[in-house]
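Below is one structure, written out as structure tokens; comments come after it.
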Amino acid sequence: MKIYKSLDTLIVGAGFAGMYSLHKQLSEGFKAEIFEQGDDVGGTWYWNRYPGARCDIESMDYSFSFSEELQQEWNWKEKYGTQPELFSYAKHVCEKFNLRKNINFNTKITKAKFIKNTQSWLVTCDDNSIVKCRYLILATGNLSTPNIPKINGVDTFKGNIFHTGAWPKEMPDFKNRTVGIIGTGSSGVQSIPIIAETAKELLVFQRTPNFSLPARHSKLPIDKRENYKKNYLKYRQLAKNSSFGIAKYQPPTQSAFDVSENERNSIYQKAWEEGGQAMLFSFTDLLTDKKANDTAAEFVRNKIREIVNDKSIAEKLCPFDHPIGTKRLCLDSNYFQTYNKNNVSLIDISKKPIDEINKHGLVTNGTEYTFDDLVFATGFDAMTGAVNAINIINEDEVSLKSKWAEGPKTYLGIMVSEFPNFFMITGPQSPGVKSQMILSIEQHVDFIHNLIMHKKDNNYSAVNAKSKNQDEWVKHNNDVAHSTLYPLAHSWYNGDNIVGKKRNFMPYVGGVANYKNICDEIIESDYKGFEFS
Ligand code: N01
């Protein structure tokens with residue numbers, strides 16, 4: 001076995017998490033490199049180039065805070081960053097901190113094995129080359145393994161097939177073409193209105209309708225941007241002390257039933273007009289009390305009924321299967337309005353699934369629908385997909401995938417017991433996907449970095465999570481989730497979207513601020529729950 005490179009730190013993935021982690025490691029003098037399967041940086045914003053792709057968190061929040069110079073010099077143009085703008089930002093970060101020379105592009109990591117004697121990892125790349133490293137950090141993202149449902153006959157389709165999460169670099173031209181799209185989650189809700197603008201005909205195959213609120217997207221006024229920049233310290237602090245890591249969404253103070261029905265509806269109306277996710281932050285009990293939640297859900301259903309001209313289509317677009325906000329709430333620009341267009345049809349497949357895909361289209365409920373192009377907006381094997389795609393083996397020859405067969409178990413979403421010197425950025429059972437992702441990334445990268453420094457400064461050779469503390473953390477994660485309405489939804493949060501995946505609620509929904517306090521207390525207690533050897 002020939003080791004072609006020896007590193008202190010090997011990081012997998014060159015998205016925001018990987019880049020910031022690399023920057024921290026290099027700043028401390030570590031020999032560190034990223035291995036990235038794409039040919040550029042950006043992660044999510046490299047792969048998700050589908051029409052209409054943009055972030056659903058405002059740009060001034062969804063950005064790095066670790067460098068004052070960076071946050072002052074970058075000028076966001078749009079209220080919600082588009083994929084091209086976010087991709088440019090990622091490239092700017094890469095150049096500014098001189099990271100590119102330490103990134104191996106077009107290289108996929110397939111295996112990692114911990115070697116007891118040397119207390120290091122041997123990592124195998126897809127060209128079979130082997131890299132030795134002391135620390136292995138996964139920055140592989142939570143929504144990075146596209147899910148293409150196994151539908152009979154998919155290989156026989158003669159037209160083009162696209163997945164929103166692996167979109168080609170060259171934008172396909174849908175002009176004069178009939179397009180079929182499967183999926184009405186965030187990716188579908190964003191791409192459907194844009195594809196409908198050019199396609200001759202668009203057929204939307206909907207299994208479950210989704211709640212979506214208007215984004216009220218606009219250009220970002222320069223004075224607003226500059227004012228925000230002047231007060232960045234304050235806004236970043238507010239974000240850190242909030243539940244979801246977004247400065248303007250501070251914890252509400254009153255229950256939905258503290259006010260009259262009229263007042264409640266006027267609060268919802270104001271939030272609807274403001275756009276974004278404001279409505280979810282109107283009352284304390286929207287995510288814990290089904291009756292409170294029903295008031296917001298019905299408000300949104302009534303909006304759908306107002307917007308969509310055809311009453312039966314409107315009713316098909318109204319979600320009844322889950323409380324609002326318990327699946328990732330979509331933000332849209334004219335999503336429901338799109339169903340008023342003559343070239344758009346909604347095909348409800350909730351009762352009869354797609355039987356097969358054939359040469360010309362697909363068959364459901366005995367009817368054949370033909371189209372030229374097929375778009376899968378069918379989401380991802382979320383949170384565990386990218387981790388399990390690497391064969392990670394500990395010193396006892398046990399794979400992480402087998403350890404996680406019944407669902408992921410982590411300590412703080414950062415480490416896994418019996419897998420020393422192995423770290424995940426925003427892993428399962430951490431707030432990542434239920435927060436402003438970049439804020440959570442920064443917190444995890446800093447935590448992991450400090451943990452590694454603590455280990456190094458004390459001349460330890462390995463750090464590991466204790467299984468007792470891990471079990472307690474997993475239990476806490478589940479207890480918090482089950483004190484809310486989240487588990488009532490069938491969503492990627494609990495693995496329901498992947499056939500055969502064990503149901504487990506994966507994100508930590510106890511709030512960003514609470515989570516950070518817990519982590520800070522752990523640091524202060526000399527890394528309680530971690531063992532050093
Ligand atoms: O994926 P999803 P997504 N037959 O899993 C349907 C983030 N994101 O890519 O609900 C028919 O939400 C499935 O139906 P059902 C964001 O966190 C952010 O849209 O399972 N349909 C559903 O409608 C988001 O939550 C942004 O019944 C099938 C859809 O496909 C996450 O990524 C933008 C099917 C999948 O929805 C994932 O969003 C985009 C089948 N066999 C994404 N299998 C922003 O920042 C699946 N479906 C704005």
Side-chain angles (χ1 to χ4, degrees), residues 43-45 47-59 61-62 78-83 85-86 141-152 154 162-167 180-194 203-213 215 217 244 246 276-277 317 319-322 325-333 335 346-357 362 364 374-383 385 426 432-438 489-501 506-507:
T44 288
W45 303 107
W47 296 102
N48 286 266
R49 304 158 182 262
Y50 59 83
R54 67 166 79 238
C55 190
D56 56 6
I57 293 177
E58 294 183 28
S59 321
D61 279 303
Y62 189 84
E78 313 241 356
K79 180 175 168 189
Y80 296 95
T82 58
Q83 179 274 331
E85 197 177 10
L86 284 152
N142 287 281
L143 296 156
S144 47
T145 307
N147 166 42
I148 297 199
K150 292 182 180 55
I151 301 172
N152 284 340
V154 65
F162 305 100
H163 189 287
T164 49
W167 201 259
I181 182 166
I182 303 173
T184 50
S186 299
S187 307
V189 160
Q190 284 191 326
S191 53
I192 285 165
I194 307 294
L203 311 176
V204 181
F205 297 93
Q206 175 190 269
R207 187 165 68 181
T208 317
N210 242 317
F211 288 103
S212 184
L213 303 176
H217 174 65
F244 295 93
I246 301 171
Q277 309 205 354
L317 287 165
F320 285 96
D321 71 307
H322 66 280
T326 55
K327 276 182 164 186
R328 173 70 175 220
L329 198 51
C330 304
L331 292 192
D332 71 275
S333 296
Y335 173 65
L346 180 72
I347 298 117
D348 177 6
I349 53 168
S350 59
K351 295 193 182 62
K352 297 274 180 187
I354 297 166
D355 296 320
E356 60 164 22
I357 294 177
L362 63 74
T364 169
L374 173 59
V375 175
F376 283 104
T378 43
F380 304 88
D381 182 354
M383 307 201 71
T426 68
V433 293
K434 287 302 302 163
S435 72
Q436 192 276 86
M437 200 72 203
I438 299 185
H490 292 289
S491 69
W492 58 259
Y493 291 152
N494 52 40
D496 277 339
N497 65 327
I498 301 294
V499 178
K501 191 165 173 174
M506 293 182 282

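Indexing begins at 1, ligand by ligand and atom by atom, following the structure's order.
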With a 4.5 Å limit on heavy-atom distance, are the side chains of [X] and [Y] in contact?
{"X": "F244", "Y": "K434", "value": "yes"}
{"X": "V433", "Y": "M383", "value": "yes"}
{"X": "Q206", "Y": "L317", "value": "yes"}
{"X": "W492", "Y": "N147", "value": "no"}
{"X": "N48", "Y": "L143", "value": "no"}
{"X": "S491", "Y": "H322", "value": "no"}

Discussion item. Test side-chain contact (heavy atoms from CB on, under 4.5 Å) on F211 and K327; report intermediate values, then the result.
Written reply: CA-CA 8 Å; F211 288 103; K327 276 182 164 186; over 6 Å; no
Could you list the atoms of ligand 1 found under 4.0 angstrom from a heavy atom of [X]?
{"X": "I182", "value": "11 (C), 21 (N)"}
{"X": "T184", "value": "22 (C), 23 (O), 29 (C)"}
{"X": "K327", "value": "10 (O)"}
{"X": "C55", "value": "45 (O)"}
{"X": "G183", "value": "6 (C), 23 (O), 29 (C), 30 (O)"}
{"X": "R54", "value": "44 (C), 45 (O), 48 (C)"}

Item to complete: May I have the step-by-step check of side-chain contact (heavy atoms from CB on, under 4.5 Å) for D56 and Q277, ending in yes or no?
Response: CA-CA 9 Å; D56 56 6; Q277 309 205 354; 4.1 Å; yes
Discussion item. Would the distance check show the side chain of T164 and the main-chain N or O of V375 forming a donor-acceptor pair, the cut-off being under 3.5 Å?
Written reply: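 A pair under 3.5 Å: no.
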Discussion item. Between T184 (side chain only) and T208 (backbone N and O only), is there a donor and an acceptor less than 3.5 Å apart?
Written reply: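 The answer is yes, because a donor-acceptor pair under 3.5 Å joins these two groups.
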Within reach of ligand 1, part of [X] (heavy-atom separation under 4.0 Å):
{"X": "P149", "answer": "side chain"}
{"X": "F380", "answer": "side chain"}
{"X": "T378", "answer": "both"}
{"X": "A377", "answer": "backbone"}
{"X": "I349", "answer": "side chain"}

Quick one: nearest non-hydrogen protein atom to [atom], plus distance?
{"atom": "atom 1 (O) of ligand 1", "value": "G379 CA, 3.1 Å"}
{"atom": "atom 7 (C) of ligand 1", "value": "L143 CD1, 3.7 Å"}
{"atom": "atom 36 (O) of ligand 1", "value": "G185 CA, 3.6 Å"}
{"atom": "atom 8 (N) of ligand 1", "value": "S186 CB, 3.9 Å"}
{"atom": "atom 20 (O) of ligand 1", "value": "R207 NH2, 3.0 Å"}
{"atom": "atom 27 (O) of ligand 1", "value": "T208 OG1, 2.4 Å"}

Discussion item. Looking at ligand 1, is there an atom of it that comes within less than 4.0 Å of some heavy atom belonging to Y50?
Written reply: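 Under 4.0 Å: yes for Y50.
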Practice prompt. Report the relative orientation of the aromatic rings in F376 and H163; use parallel for angles under 30°, tilted for 30 to 60°, perpendicular for over 60°.
Written response: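 Geometry flag for H163 against F376: parallel rings.
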Fill in: Any side-chain donor near an acceptor of the partner, N142 and T426, under 3.5 Å
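Their side chains do contain a donor-acceptor pair, which is all the 3.5 Å distance test asks for.
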So is there a nitrogen or oxygen of [X] less than 3.5 Å from a nitrogen or oxygen in ligand 1?
{"X": "Q190", "result": "no"}
{"X": "S187", "result": "yes"}
{"X": "T164", "result": "no"}
{"X": "D56", "result": "yes"}
{"X": "N497", "result": "no"}
{"X": "W492", "result": "yes"}

Worksheet entry | Chi angles and distances behind the side chain to side chain donor-acceptor pair (under 3.5 Å) call for S212, N210 | CA-CA 6 Å; S212 184; N210 242 317; over 6 Å; no
Discussion item. Quick one, R328 with Y493, criterion side-chain contact (heavy atoms from CB on, under 4.5 Å). Give me CA distance, side-chain angles, the key distance, then yes/no.
Written reply: CA-CA 9 Å; R328 173 70 175 220; Y493 291 152; 3.5 Å; yes
